Amino acid sequence: MLSIVLPVYNEEDNIVRAYESIRDVLAPKGIPFELVYVNDGSKDNSFEVIRKLSQEVSDAQIVGLSFSRNFGKESAIFTGLSHATGDVCAVMDCDLQHPPETLLDMYAMWEQGFEIVEGVKRSRGKENLLYKGFAKLFYKLISKSTGIEMYRSSDFKMLDRKVVDEYVKLSERNIFFRALSSWLGFKSAVVEFDVKERVFGTTKWSVKSLVRYAIGSITSFTTAPMQLITVSGMLFFVFAIILGLHSVIKWATGHALEGFTTLILLLLLIGSLIMISLGIIGYYIARIYEEIKGRPRSIVREVVKSVSKDNDDVAMSEY
Ligand code: UDP
Ligand code: MG
């Protein structure tokens with residue numbers, strides 16, 4: 001069975017459409033599937049729609065998990081994967097920007113023996129310039145520091161059971177799903193897809209949440225920013241030696257520097273560099289603090305499950 005994890009945040013208009021279009025793609029090929037909707041603290045009626053869907057659908061297993069509040073897409077993916085029961089699991093967006101037809105290509109790759117099949121964006125779809133620029137910068141940073149090409153990567157992936165089991169074992173609170181599947185290793189393949197446009201609703205990312213996501217992802221995946229501090233410190237040290245020698249020579253030859261401007265500039269420059277460095281270190285300390293608290297990634301308030309045709313005996317409707 002193929003499990004498909006769908007993070008849901010205020011997507012009431014997309015839930016049923018997602019099920020229908022996935023079914024229209026998978027049913028003709030005779031691939032049994034399970035949908036795991038993870039309601040990430042939606043403020044609209046999403047979970048009611050999921051509950052209704054789970055009661056009505058009989059040709060697939062529908063599982064709905066509802067978080068007690070918004071925990072973020074990464075937590076939704078993780079919790080969804082830990083509840084998925086299929087031999088192979090896919091993660092895709094609920095807004096159908098990830099085309100369901102691509103699932104077939106991924107499935108074929110999985111049948112060929114690939115354990116991780118990653119969806120790669122052929123085009124990034126419609127995004128505004130600022131967003132595009134920001135995304136480019138963010139992924140350039142990550143690519144540079146990790147050596148993994150990220151700009152076209154997405155959360156649209158298919159993972160073998162083995163991979164899911166390993167992934168779910170990872171104990172860190174802050175996981176960057178996109179990059180971690182490359183950290184895990186395994187035999188992986190890539191499938192290209194075109195990002196579709198959203199039909200209903202709007203993107204759930206605000207500039208603030210994107211910046212938070214970017215900082216969170218960078219600090220959870222690489223310590224390169226801290227090394228940057230060391231490097232800039234060393235550069236300044238070299239600069240200090242040169243300037244120091246210069247001053248001493250000037251002093252020895254009788255004309256001491258009259259450099260008030262230099263002094264002020266150096267003071268300001270070094271001061272701000274130190275503060276930025278402290279800020280960067282602060283992010284990592286915050287990370288450590290969060291990890292050490294060991295809080296759960298998410299709190300599931302409610303689970304609904306449909307009864308699929310072939311396992312009637314597990315008559316579970318709600319608990
Ligand atoms: N999403 C989520 N929690 C959040 C934000 C988004 O579960 O806090 C889900 C959302 O419902 C969608 C997917 O993550 O299924 C991608 O979100 P969105 O389409 O807003 O992002 P974009 O496609 O613009 O990157
Ligand atoms: Mg989207």
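Because the structure is predicted, anything quoted here is derived from the model rather than measured. Atoms within each ligand, like the ligands themselves, are counted from 1 in listed order.
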Number the atoms of ligand 1 from 1 as they appear, then name those within less than 4.0 Å of a heavy atom of [X], with their elements.
{"X": "Q97", "value": "19 (O), 22 (P), 23 (O)"}
{"X": "E11", "value": "10 (C), 11 (O), 12 (C), 15 (O)"}
{"X": "D40", "value": "2 (C), 3 (N), 4 (C), 7 (O), 8 (O)"}
{"X": "D95", "value": "18 (P), 19 (O), 23 (O)"}

Backbone, side chain, both or neither: what part of N70 comes under 4.0 angstrom of ligand 1, heavy atoms only?
side chain

Can we say E115 and K187 salt-bridge, meaning some charged N sits less than 4.0 Å from an Asp/Glu carboxylate O?
no

Does a salt bridge link E302 with R51, judged by any charged N lying under 4.0 Å from a carboxylate O?
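Result for this pair is yes, salt bridge flagged.
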
S3 and side chain to side chain donor-acceptor pair (under 3.5 Å): which partner among E34, R161, Q61?
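Of the listed options, the one satisfying the test is E34.
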
Is it the case that K73 places NZ or CZ above or below the six-membered ring of Y9, under 6.0 angstrom from the centre and within 45 degrees of the axis?
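No, cation not above the ring by the 6.0 Å, 45° rule.
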
Could you say whether the N/O atoms of P7 and ligand 1 ever approach to under 3.5 Å?
yes

Hey, is ligand 1 close enough to C94 that some N/O pair sits below 3.5 Å?
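Yes, at least one N or O pair falls under 3.5 Å.
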
Whether F156 and F193 hold their rings parallel, tilted or perpendicular, with breakpoints at 30° and 60°
perpendicular

Look at the aromatic rings of F236 and F239 and report parallel, tilted or perpendicular, splitting at 30° and 60°.
perpendicular

Any idea which N/O/S atom from D95 gets closest to the Mg ion (ligand 2)?
OD2

